[in-house]
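Before any comments, here is the structure.
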Amino acid sequence: FITTVVRYPMVYSVRPDSPIKSFADMIERAKADPNKVSYGIVGGGNVYHLLGKWIDNAAGVEMNAVPYRGTALALQDVLGGRIDVLSDAATSSIPRIQSGQLRALAVSSAEPYPLLPGVPTMAATVPGIKVESWLGLAGPANMPQAIVKKLAEEVHRALELPEVKKWAAESGVVPAPSTPEEFRKRVENDIRQWTEIVVRNNIVVQ
């Protein structure tokens, strides 16, 4: 473990004229009519699927996860009104939200996401939801600590460069430099968190 590099949340969004007005509204509709609210995910048994199940468990609802081979197909069905919600990464959701093609309901990060100002967190409605994807830098287990330290310092320095910050914002990600120990704890927490959801819901990879 050397350092995390960037982070980004998942986003729940709907077509602009969707009758679902907010994330809280989506939860209320799901409570009133189990399995009626549908959301598109890419594949099955991945972070989108696990997040949906976590929301179900935490909110005491049952929503219908609809797997797709790719985001484009899920987006097509959201815009066509065949499913209600798109669950996707901020990296691909932000351009569609900024263009007005989609309307964001909530982000999965614990705090509001700086690249989507005004969009509430899922935790504001369903306490405890906290999910972010990340990219990090790792090396061989026996890598000398001096090299680990040097690589981390160089990545952290690069993340402060104006052109890198500009690239990150355009890509929908936020710089997330860390210490090796912080990186290790993030990975351990993710494994523990997702294992609990997988076991509780008997999820299998498709």
Side-chain angles (χ1 to χ4, degrees), residues 1 3-14 20 22-31 37 39-65 71 74 84-94 97 102-138 159 168-169 171-203 205:
F1 296 95
T3 179
T4 47
V5 180
V6 296
R7 61 179 176 84
Y8 54 94
M10 304 299 109
V11 184
Y12 270 32
S13 54
V14 295
I20 298 175
S22 65
F23 190 75
D25 182 29
M26 182 194 76
I27 295 297
E28 288 304 312
R29 289 169 182 266
K31 286 181 178 179
V37 175
Y39 61 98
I41 59 173
V42 176
N46 53 27
V47 66
Y48 310 109
H49 193 185
L50 297 177
L51 172 59
K53 288 301 182 182
W54 190 1
I55 293 168
D56 279 358
N57 298 160
V61 300
E62 291 183 23
M63 294 187 288
N64 181 25
T71 299
D84 300 306
V85 179
L86 177 64
S87 173
D88 200 11
T91 47
S92 59
S93 292
I94 286 177
I97 292 165
L102 290 171
R103 172 166 52 84
L105 297 179
V107 293
S108 66
S109 46
E111 302 294 333
Y113 195 53
L115 300 181
L116 284 173
V119 177
T121 64
M122 297 178 184
T125 299
V126 184
I129 299 297
K130 178 185 177 182
V131 177
E132 283 188 306
S133 285
W134 47 265
L135 298 177
L137 184 66
L159 291 174
S171 302
V173 299
V174 170
S178 74
T179 66
E181 184 57 28
E182 288 170 339
F183 188 7
R184 180 186 301 277
K185 287 182 179 179
R186 179 185 284 268
V187 172
E188 291 173 348
N189 181 69
D190 282 358
I191 292 172
R192 182 170 54 251
Q193 171 181 288
W194 294 131
T195 298
E196 180 181 332
I197 300 298
V198 167
V199 171
R200 180 172 180 176
N201 295 277
N202 297 312
I203 294 173
V205 176

When rounded to the nearest 0.5 angstrom, what is the spacing between [atom1] in [X] and [atom2] in [Y]?
X: Q193; Y: W54; atom1: CD; atom2: CH2; result: 3.5 Å
X: I197; Y: N57; atom1: CD1; atom2: CG; result: 5.5 Å
X: K130; Y: S108; atom1: NZ; atom2: OG; result: 11.0 Å
X: I94; Y: L115; atom1: CD1; atom2: CG; result: 5.0 Å
X: T71; Y: I41; atom1: OG1; atom2: CD1; result: 11.0 Å
X: Y48; Y: D88; atom1: OH; atom2: CG; result: 5.0 Å

Legend entry - Within-4.5 Å side-chain heavy-atom neighbours: Y12 and I55: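 Yes, their side chains come closer than 4.5 Å.
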Inset, instruction - For residues V85 and F23, determine if any side-chain heavy atom of one lies less than 4.5 Å from a side-chain heavy atom of the other. - result: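 Counting from C-beta outward, V85 and F23 never come under 4.5 Å.
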Shortest non-hydrogen contact from [X] to [Y]?
X: V61; Y: I27; value: CG1-O, 3.9 Å
X: A176; Y: L159; value: N-CD1, 4.4 Å
X: V187; Y: F1; value: CG2-CE2, 3.4 Å
X: V6; Y: P175; value: CG1-CA, 4.2 Å
X: V37; Y: A30; value: CG2-N, 3.8 Å
X: T121; Y: A110; value: CG2-O, 3.8 Å

Inset, instruction - Kindly check if the number of other-residue, nucleotide or ligand heavy atoms within 6.0 Å of CD (E182) is above 12? - result: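 Counting other residues, nucleotides and ligands, CD of E182 exceeds 12 neighbours.
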Inset, instruction - Using a cut-off of 6.0 Å, state whether more than 12 heavy atoms not belonging to E196 lie near its atom CD. - result: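 Check fails, neighbour count at 12 or below.
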Quick check against the 3.5 Å criterion: does [X] have a side-chain atom that pairs as donor or acceptor with the backbone of [Y]?
X: S178; Y: T4; value: yes
X: Y113; Y: G172; value: yes
X: D56; Y: M63; value: yes
X: S109; Y: E111; value: yes

Inset, instruction - List the steps, then state whether side chain to side chain contact (heavy atoms under 4.5 Å, CB included) holds for D84 with V14. - result: CA-CA 6 Å; D84 300 306; V14 295; 5.7 Å; no
Inset, instruction - State plainly whether the residues D25 and R29 are in salt-bridge range, i.e. N to O under 4.0 Å. - result: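 Here D25 pairs with R29 in a salt bridge, since their nearest N and O are under 4.0 Å apart.
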Legend entry - Test side chain to side chain contact (heavy atoms under 4.5 Å, CB included) applied to L51 and M122, step by step: CA-CA 11 Å; L51 172 59; M122 297 178 184; 4.2 Å; yes
Legend entry - Step-by-step side chain to side chain contact (heavy atoms under 4.5 Å, CB included) determination, D190 to W134: CA-CA 11 Å; D190 282 358; W134 47 265; 2.8 Å; yes
Inset, instruction - Output, in order, the C-alpha distance, side-chain angles, deciding distance and verdict of side chain to side chain contact (heavy atoms under 4.5 Å, CB included) for V131 and W194. - result: CA-CA 10 Å; V131 177; W194 294 131; 3.6 Å; yes
